[in-house]
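What you see is a predicted model, and the numbers here were worked out from it, not measured in a lab. One-based numbering, in listed order, for ligands and for the atoms of each.
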Amino acid sequence: MDVEKIMLDLEKKHPGEVEYLQAVREVLESIEEVYNENPQFQSAGIVERLIEPDRVLTFKVPWVDDNGKVHVNLGYRVQFNNAIGPYKGGLRFHPSVNLSILKFLGFEQIFKNSLTTLPMGGGKGGSDFNPKGKSNTEIMRFCQSFMLELWKLIGPETDVPAGDIGVGAREIGYLYGMYKKLAREHTGVLTGKGVNWGGSLIRPEATGFGTVYFANEILKNKGMDFKGKTVTVSGFGNVAWGAVQKVNELGGKVVTLSGPDGYVYDPEGITGEKVDYMLELRASNQDIVKPYSYEFPNAQFFENKHPWEVKCDVALPCATQNELNKEDAEHLVNSGCICVAEGANMPSTPEAIEVLQEAKVLFAPGKAVNAGGVAVSGLEMTQNSSKLNWSADEVDARLHKIMADIHSACVKHGTDAEGYVNYVKGANVAGFLKVANSMLDLGVV
Ligand code: NDP
Ligand code: 2IT
């Protein structure tokens with residue numbers, strides 16, 4: 001495989017789609033060796049077929065605000081690959097959403113979903129709609145208008161969306177309500193549903209819990225655990241919240257949270273009512289973390305700074321893509337950080353990953369670490385198909401096992417001659433092999 005030539009061709013076809021090109025390059029560089037060892041992949045054009053989405057659907061989303069003003073947003077669904085199951089992946093509502101971001105997320109989702117061992121293909125969607133500052137009725141009208149187009153493209157055996165940034169339980173409710181009305185059926189077409197109408201227990205916590213289960217496996221593999229460890233976390237959303245809770249349960253101390261306005265440092269640890277306060281902050285729709293430092297006076301706020309300058313043993317980036325750069329990685333290495341596990345999707349830049357790996361920091365990528373969210377989505381689909389609800393303990397036990405199995409797959413495919421586990425390589429190779437072998441079986445379609 002000639003990675004440079006493939007990337008050059010892809011760049012010509014999709015100029016300026018930087019996040020998408022970044023995600024594809026990382027995977028190709030990791031799988032190059034195993035690809036070259038298996039000439040059947042080359043002759044079936046697996047890479048050429050894998051790096052382009054099956055289809056990209058865009059649509060107009062008109063809606064009316066509370067003052068009667070008409071707005072028009074763009075809606076998207078990227079159906080990337082369905083070799084191992086129906087397209088599956090979240091919806092992101094954020095003003096930064098564009099095709100490059102959704103294609104990177106959809107591409108990553110293929111390998112992440114493959115790693116879960118559940119039958120799910122990869123997809124992603126969303127809109128450039130900004131939920132910040134919108135009223136509840138505006139959010140509802142937007143979701144209804146969005147679903148008026150999306151419902152024709154999805155189905156419980158075709159494509160199953162869920163949440164991501166800006167799409168949580170409330171939005172899934174409004175989207176599902178409209179789908180149910182249009183399709184005249186009550187099926188598992190979305191995941192992250194409310195528990196009263198088909199949702200799974202533990203889904204809200206799953207990404208954050210899974211992130212910490214994975215990080216704990218990394219530590220365990222080196223004879224360590226979370227007890228007494230200082231942990232820095234970025235973000236203060238859905239993923240960060242679950243991660244903070246689980247780190248506390250395992251005996252670690254979380255000292256930071258962050259938002260787009262900067263980070264808060266709380267040397268006493270973010271526990272108890274402070275974790276609940278994080279949810280309140282998030283629900284305020286203002287999306288800033290500064291108020292945390294007014295509420296809890298021992299905490300300090302650092303405007304427009306990243307939490308990676310704080311000394312820690314473990315760092316969990318849980319906010320957004322490319323939020324941990326080379327300089328941040330150097331800070332982490334110099335302060336003695338031993339493990340960086342990505343709760344968000346692609347939060348570390350390629351240059352940051354290089355610095356961390358060079359320093360032999362135990363670095364694990366989002367597609368392995370945060371797979372717990374979509375894994376429990378898969379378990380929600382199973383519960384919906386069988387029309388049963390499992391207990392929280394049962395879902396949590398399955399989540400735990402899935403995360404431990406993903407860790408083992410990374411170790412199997414990513415350990416080098418000196419015993420260092422390259423989790424990026426391990427996750428990409430393990431995720432890729434299942435999809436590529438399925439594509440071989442299915443013919444050129
Ligand atoms: P939330 O919307 O709950 O929280 C993310 C928030 O982080 C955004 O609203 C954004 O605010 C904020 N943010 C943006 N830039 C920064 C920054 N530089 N520093 C700190 N915060 C920032 O989203 P989730 O918690 O659901 O998602 C977080 C990450 O986890 C994303 O990468 C997502 O793709 C990933 N993920 C989510 C899963 C899920 O189940 N929800 C599953 C797996 C991965 P603003 O709007 O102001 O930019
Ligand atoms: O990035 C992700 O894995 C998600 N946003 C969750 C996707 C899902 O279908 O649950």
Side-chain angles (χ1 to χ4, degrees), residues 19 85-97 101-102 104-106 108-113 115-116 118 120-126 129-133 159-169 171-172 188 190-193 199-200 203-211 233-244 256-264 278-279 281-283 285-289 304-308 316-325 328 342-348 365-381:
E19 294 85 0
Y87 303 107
K88 178 83 195 89
L91 296 171
R92 178 176 288 193
F93 292 170
H94 194 270
S96 65
V97 161
I101 288 185
L102 295 181
F104 119 63
L105 289 163
E108 291 280 287
Q109 201 82 42
I110 304 170
F111 309 100
K112 184 195 303 193
N113 293 3
L115 286 169
T116 67
L118 302 172
M120 300 182 290
K124 201 82 185 189
F129 173 71
N130 186 0
K132 216 177 280 188
D159 183 355
V160 183
D164 192 78
I165 290 181
V167 178
E171 291 73 20
I172 292 292
L190 298 178
T191 60
K193 300 188 289 300
S200 174
R203 177 64 188 88
E205 298 89 344
T207 313
F209 279 17
T211 293
V233 170
S234 65
F236 67 113
N238 180 30
V239 179
W241 167 73
V244 172
T256 65
L257 289 178
S258 77
D261 51 334
Y263 78 90
V264 283
M278 192 193 323
L279 272 194
L281 260 189
R282 194 77 195 91
N285 252 10
Q286 295 178 50
D287 242 337
I288 50 172
V289 287
N304 293 328
K305 296 274 192 151
H306 294 170
W308 319 124
L316 304 175
C318 295
T320 193
Q321 65 274 357
N322 292 330
E323 54 153 322
L324 195 162
N325 60 31
D328 296 323
E342 296 186 330
N345 285 309
M346 208 169 77
S348 313
K367 63 168 74 71
V369 178
N370 71 38
V374 74
V376 174
S377 279
L379 301 178
E380 183 172 327
M381 289 163 74

Close side-chain approach of [X] to [Y], heavy-atom, < 4.5 Å:
X    : Y    : value
I172 : V167 : yes
R282 : N238 : no
I101 : S96  : yes
V239 : N370 : no

Set of side-chain contact (heavy atoms from CB on, under 4.5 Å) partners for D328, sequence neighbours left out: H306, W308, L324, N325
Among K112, Q109, E19, which residue satisfies the side-chain hydrogen bond (donor to acceptor under 3.5 Å, both in side chains) criterion with N345?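 Of K112, Q109, E19, side-chain hydrogen bond (donor to acceptor under 3.5 Å, both in side chains) with N345 is met by K112 alone.
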Once side chain to side chain donor-acceptor pair (under 3.5 Å) is applied, do any residues pair with T116, and if so which ones, sequence neighbours excluded?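 Listed in chain order: nothing, the list is empty.
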Would you mind writing out a table of all protein N or O atoms found under 3.5 Å from any N or O atom of ligand 2, naming both atoms and giving the distance to 0.1 Å?
residue, atom, partner, partner atom, Å
ligand 2, 1 (O), K112, NZ, 3.0
ligand 2, 1 (O), K124, NZ, 3.1
ligand 2, 1 (O), N345, ND2, 3.0
ligand 2, 3 (O), Q109, NE2, 3.0
ligand 2, 3 (O), K112, NZ, 2.8
ligand 2, 5 (N), K124, NZ, 3.3
ligand 2, 5 (N), G163, O, 3.0
ligand 2, 5 (N), D164, OD1, 2.9
ligand 2, 9 (O), K88, NZ, 2.6
ligand 2, 10 (O), R203, NH2, 3.0
ligand 2, 10 (O), S377, OG, 2.5

Assess whether side chain to side chain contact (heavy atoms under 4.5 Å, CB included) is satisfied between D164 and K124, documenting all intermediate values. CA-CA 9 Å; D164 192 78; K124 201 82 185 189; 3.1 Å; yes
Heavy-atom contacts under 4.0 Å to ligand 1, chain-then-number order, include exactly R92, H94, K112, K132, D164, I165, G166, R203, T207, G237, N238, V239, S258, G259, P260, R282, D287, C318, A319, T320, G343, A344, N345, N370
Should E205 and V376 be marked as a side chain to side chain contact (heavy atoms under 4.5 Å, CB included) after you check the CA-CA gap, both sets of side-chain angles, and the distance that decides it? CA-CA 10 Å; E205 298 89 344; V376 174; over 6 Å; no
